[in-house]
Amino acid sequence: MARNAEKAMTTLARWRAAQVTEQGGSAKEKERRPFLASECTDLPKAEKWRMQIIREIARKVAQIQNAGLGEFRIRDLNDEINKLLREKGHWEAQIRELGGPDYARVGPRMLDHEGKEVPGNRGYKYFGAAKELPGVRELFEQEPPPPPRKTRGELMKDIDADYYGYRDDDDGVLLPIESREEKKAIQQAVADWKAKKEASVNNEGEDKTEEEEEENIYSVTADDSSSDEEMGVEGERDLGQPRFIAHVPVPSQKEVEQALLQRKKQELLNRYASESVIAQSEEAKELLGVSSTSSA
């Protein structure tokens, strides 16, 4: 009986195909979905093609749930589903332009078999077994949530005198350490002071010996006493004190006063007399044979 039914269906199918061919030639080619959604200007046909794409997506989503298909077949199915989703979006945009409903706004979201929204990365979505492929699983691993932040009241709850270090000396540990370090610092300071003092004393002794070793150019020996008497040096000196000789001519008090007076006169002339007056006075002195020193 089943065999006869199959034969009848096969015959009926052949007869129907022949009838369609006779009536419209290649009717199936005319009913093929357009490659571009913008080529369709009929709203009912656009709705028809959109529903056809949705059925294809549903069929492929059911197939991709089988993890035994292999990695390459699963990747191909996932690519085909994403391609159909993009095509569905083009048809929905065309339907909106033709005056139909906006399915992008009112339509349901794409859900998986568990009722959750299909995850994706920058528009590309993964379905079924594709989410467990190598390199894809890491994309959907959720990081652990950060620990909740404490409020200001919770933070202030743990702050007491120990937080500010008010009772650090009460444990009896810090004071002995500080006293020991203080003694060490004092001993070190005393040792440094003694070393500096000894070094300064040694330096002073060396300086004195160097000064004694240097030749005193102003000292006069006993052999030079006769020369002092010939030059008319007055006064007597003690035997234990060194005697000095002036190696430059020392002016007398009168010569010093004369030099100061001449200097003051010259300053007054430079301040109140002009250069012409000074020149004339110098010429007159030369004519009279009077020098500036004699006039002064």
Item checked: Stepwise side chain to side chain donor-acceptor pair (under 3.5 Å) test for Y163 and D158 -> CA-CA 8 Å; Y163 178 82; D158 299 331; over 6 Å; no
Margin query: side chain to side chain contact (heavy atoms under 4.5 Å, CB included), that's the test. Do K48 and M51 meet it? Break it down for me.
Written below: CA-CA 5 Å; K48 172 186 173 183; M51 291 302 299; 6.0 Å; no
Next item on the list: Kindly determine whether F127 and I57 satisfy side chain to side chain contact (heavy atoms under 4.5 Å, CB included), including the steps that lead there.
Entry: CA-CA 11 Å; F127 299 86; I57 292 173; 5.9 Å; no
Checklist line | Worked verdict on T151 versus L155 for side chain to side chain contact (heavy atoms under 4.5 Å, CB included) | finding: CA-CA 6 Å; T151 61; L155 293 174; over 6 Å; no
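Counting all heavy atoms, side chain and backbone alike, I74 lies closest to N66 at CD1-O, 4.1 Å. Of all heavy-atom pairs spanning N78 and K125, the tightest one is ND2-O, 2.9 Å. Shortest non-hydrogen contact noted between A129 and A67 is CB-CA, 3.8 Å. P34 and E39 make their closest contact through CB-OE1, 3.9 Å (heavy atoms, listed as atom of the first residue, atom of the second, distance).
Side chains of Q63 and R73 form a contact here, defined as non-hydrogen atoms less than 4.5 Å apart. At a threshold of 4.5 Å between non-hydrogen side-chain atoms, the residues P101 and E47 count as touching. Residues R33 and E87 are in side-chain contact: their nearest non-hydrogen atoms beyond the backbone lie under 4.5 Å apart. Looking at P44 and W49, their side chains never come closer than 4.5 Å, going by heavy atoms from C-beta outward. No side-chain heavy atom of L133 sits less than 4.5 Å from a side-chain heavy atom of Y126. At least one side-chain heavy atom of E92 sits less than 4.5 Å from a side-chain heavy atom of K88. Counting heavy atoms from C-beta on, the side chains of R59 and E56 come closer than 4.5 Å.
Going from atom SG of C40 over to atom CD of E97 covers 11.5 Å, rounded to the nearest 0.5 Å. For the atom pair OG1 (T41) and CG (L98), the distance works out to 7.0 Å, reported to the nearest 0.5 Å.
Using a 4.0 Å cut-off between charged nitrogen and carboxylate oxygen, E71 and R75 count as a salt-bridge pair.
No more than 12 heavy atoms of other residues, nucleotides or ligands lie within 6.0 Å of CD in E182, so this atom counts as exposed by the packing criterion.
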